[in-house]
Amino acid sequence: MTTKTDADVFHAWVVGEGLFAGNVTLPATVTAADVETISPVADPARDVLRKKGIQQIFFNEVTRVITVLTRKAKPTKKEATVLPKTVGVSSIEYRQGVVDEVGGELPKPHSKPFHVVLRPEGDCYACGSSISLANCQDAGTLGALVRDAAGVLYGLSNNHVTGGCNHAASQMPILAPGVLDVSPMGFDPITIGYHERGLDMVPGIPGAVPVHKNLDAALFKIRDEGRVSSLQGSNYDTPSSARAVKANMSVEKVGRTTGHTKGIVRGQAQSAVAIHYGLTGVGYSFKSQVYFEPVFVVEGIGEVFSEEGDSGSLVTFVDGSGERHAVGLIVGGLKGAVGTGYSLVLPIESILSALGVELVAGHNT
């Protein structure tokens, strides 16, 4: 029995009890008898979970913990006494967490949304800095520099940052810093590149569309290779290697809003995660719900791991030998209680493979 299987059992139970939206087809590893082991829970448990509203379930195979995120404040100590505490070999914890709408709230102003590498040959704009479509009032993050098999250099970020959620015209300029961050006495905005292509972001529920193919990522062709750097802010260089993201990894990122932060991968979402988009640009409006799977959940250490405007940030980790690797790209977040929250991360290996590119390290560093 694995924690993933236990999470599947719990998910099937809450759906069967009408506590969680969506249809569930039991995986081959889960039987009706497995689900019935939770069924004897008294009505008070159902009442508490119905009142709180289950938003998401994720699991951690290392700690064998299933985390249930609720729309309202997590259950009180009294309420928690009536809730299921274990499933199979796994324990259950309850926390608050609501998926943010991407684009529903403009990124907060930040004192340093961009990083510039000073070089005698000319200053370079670094990864982890503010960018946006030139015709969109927004600001996200330049995640990394990448090259294709022909050696062409691109910038990598989310589709919703530089691809307009599939609505950016080919060769649309990408501005650095992003439109929201252009200000007096700041960094003079430049056209850092031109939109090339984005990956699938197909609205629709699991079963109706192949949600495992959805990847919120896009490329823009770099205009001048001498004006960009692979450095992540002033903290470390972009790694050239990518690894699978795993539970309990200690990770880092550099982003436009919160800068350099550290966190822990708390687990993987048990099922496809719905992200609500509400973006408007010149000549287009994208308001829809897109599901992604797999999605990993990161919790910040001492502070939030990411906020609005950090979308597109490259998530990395350092292995036991001190070598850094890329593991993911931030796509959204879950708001928790005051001062808390979770970041939603898509695996970088899938993104690089789908785009046919490799990470670039040591560029103008």
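What you are looking at is a predicted structure, and each value in this text was computed from that prediction instead of being measured.
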Does the distance from a Lys or Arg side-chain N to an Asp or Glu carboxylate O, for K52 and E79, drop under 4.0 Å?
yes
Decide, yes or no, whether a salt bridge links R95 with E299 under the criterion of side-chain N to carboxylate O below 4.0 Å.
yes
Donor-acceptor pair between E293 and Y291 side chains, under 3.5 angstrom
no
Between S91 and T86, a side-chain donor and acceptor under 3.5 Å:
no
Is there a donor-acceptor contact under 3.5 Å linking the side chains of S343 and S306?
yes
Looking only at non-hydrogen atoms, find the nearest pair between P203 and F286 and report the distance.
CG-CZ, 4.2 Å
Measuring from F59:CZ to R266:CZ, what's the distance to the nearest 0.5 Å?
15.5 Å
Write down the atom of P177, the atom of V182, and the distance for their closest heavy-atom approach.
O-CG2, 4.1 Å
Give a yes or no on whether the backbone of H160 and the side-chain of N158 come within a donor-acceptor separation of less than 3.5 Å.
no
Taking atom CD of E358 as the centre, report whether more than 12 heavy atoms of other residues, nucleotides or ligands fall under 6.0 Å from it.
no
So, does T141 use its side chain to make a donor-acceptor pair with the main chain of G309 at under 3.5 Å?
yes
Within the supplied structure, the quantity of interest is the number of heavy atoms (other residues, nucleotides, ligands) at a distance under 6.0 Å from K213 NZ; does it exceed 12?
no
Please confirm whether R324 makes a cation-pi placement over Y236, using NZ or CZ under 6.0 Å from the six-membered ring centre and within 45° of the ring normal.
yes
Under 3.5 Å, is there a donor-acceptor pair linking the side chains of Q171 and H195?
no
Inter-residue atom distance R50.CZ - F20.CZ, 0.5 Å rounding
14.5 Å
For L145 and I222: C-alpha separation, side-chain torsions, deciding distance, then whether side-chain contact (heavy atoms from CB on, under 4.5 Å) applies.
CA-CA 9 Å; L145 299 179; I222 295 298; 4.1 Å; yes
Ignoring hydrogens and angles, state whether a donor on the side chain of S129 or H115 is under 3.5 Å from an acceptor on the partner side chain.
no
Any side-chain to backbone donor/acceptor pair from S132 onto V179? Under 3.5 Å, distance only.
yes
Side-chain H-bond candidate by donor/acceptor type, E307 with T257, under 3.5 Å:
no
Using every non-hydrogen atom in the two residues, find where R46 and L19 come nearest and quote the distance to one decimal.
O-CD2, 3.7 Å
Check for a donor-acceptor pair, side chain of D181 on one end and backbone N or O of S130 on the other, with a separation under 3.5 Å.
no
In Å, rounded to the nearest 0.5 Å, how long is the span from CG of N60 to NZ of K4?
14.0 Å
Has T191 got a side-chain atom pairing as donor or acceptor with P173's backbone, closer than 3.5 angstrom?
no
Check A126 against L231 and note the closest heavy-atom contact, atom names and distance.
CB-O, 3.5 Å
With clusters defined by side-chain heavy atoms of hydrophobic residues (ILVMFWY) lying less than 4.5 Å apart, directly or transitively, does V251 cluster with V254?
no
Under 3.5 Å side-chain donor-acceptor pair for S229 and N364
no
Evaluate side-chain contact (heavy atoms from CB on, under 4.5 Å) for V87 paired with I92, printing each intermediate quantity in order.
CA-CA 7 Å; V87 180; I92 306 173; 3.3 Å; yes
Is any NZ, NE, NH1 or NH2 atom of the basic residue among E323 and R243 found under 4.0 Å from an Asp or Glu carboxylate oxygen of the other?
no
Measuring from K246:NZ to Q268:CD, what's the distance to the nearest 0.5 Å?
12.0 Å
Under 4.5 Å between side-chain heavy atoms, counting indirect links through other Ile/Leu/Val/Met/Phe/Trp/Tyr residues: same cluster for L215 and V290 or not?
yes
Taking all heavy atoms of A242 and all of I348, pick out the closest pair and write down the distance.
CB-CG2, 3.8 Å
Side-chain donor-acceptor pair present, D237, T365, cut-off under 3.5 Å
no
Just checking, any donor-acceptor pair under 3.5 angstrom between side chains of T258 and D310?
yes
Pair R227 + D123: basic N to acidic O under 4.0 Å:
no
Checking the side chain of K51 only, and the main-chain atoms of K72 only, is there a donor and an acceptor separated by less than 3.5 Å?
no
Any chance the side chains of T5 and D8 put a donor and an acceptor closer than 3.5 Å?
no
Using a strict 4.0 Å threshold on nitrogen-to-oxygen distance, state whether K221 and E196 make a salt bridge.
no
Can you label the angle between the F187 ring and the F114 ring as parallel, tilted or perpendicular, going by 30° and 60°?
tilted
What's the spacing between E93 CD and L83 CG if we round to 0.5 Å?
13.0 Å
Go through the side-chain N and O atoms of T316 and E252 and say whether any donor and acceptor fall under 3.5 Å apart.
no
Is there a donor-acceptor contact under 3.5 Å from the side chain of N214 to the main chain of V202?
yes
Donor-acceptor contact present, side-chain T70 to main-chain G53, <3.5 Å:
no
When rounded to the nearest 0.5 angstrom, what is the spacing between CG in D34 and CG in D6?
8.5 Å
Would you check if the side chain of R64 reaches a backbone N or O of T2 as a donor-acceptor pair within less than 3.5 Å?
no
Looking at Y277, is K287 sitting on its ring face, NZ or CZ under 6.0 Å from the six-membered ring centre and within 45 degrees of the normal?
no
Run the ring-ring contact (aromatic ring centres under 6.0 Å, His included) check on Y342 and F305 step by step: do they pass?
CA-CA 7 Å; Y342 303 91; F305 191 65; over 10 Å; no
Is it true that the side chains of K253 and T261 contain a donor and an acceptor less than 3.5 Å apart?
yes
Are V327 and F296 connected, step by step, through hydrophobic side chains (Ile, Leu, Val, Met, Phe, Trp, Tyr) whose heavy atoms are closer than 4.5 Å?
yes
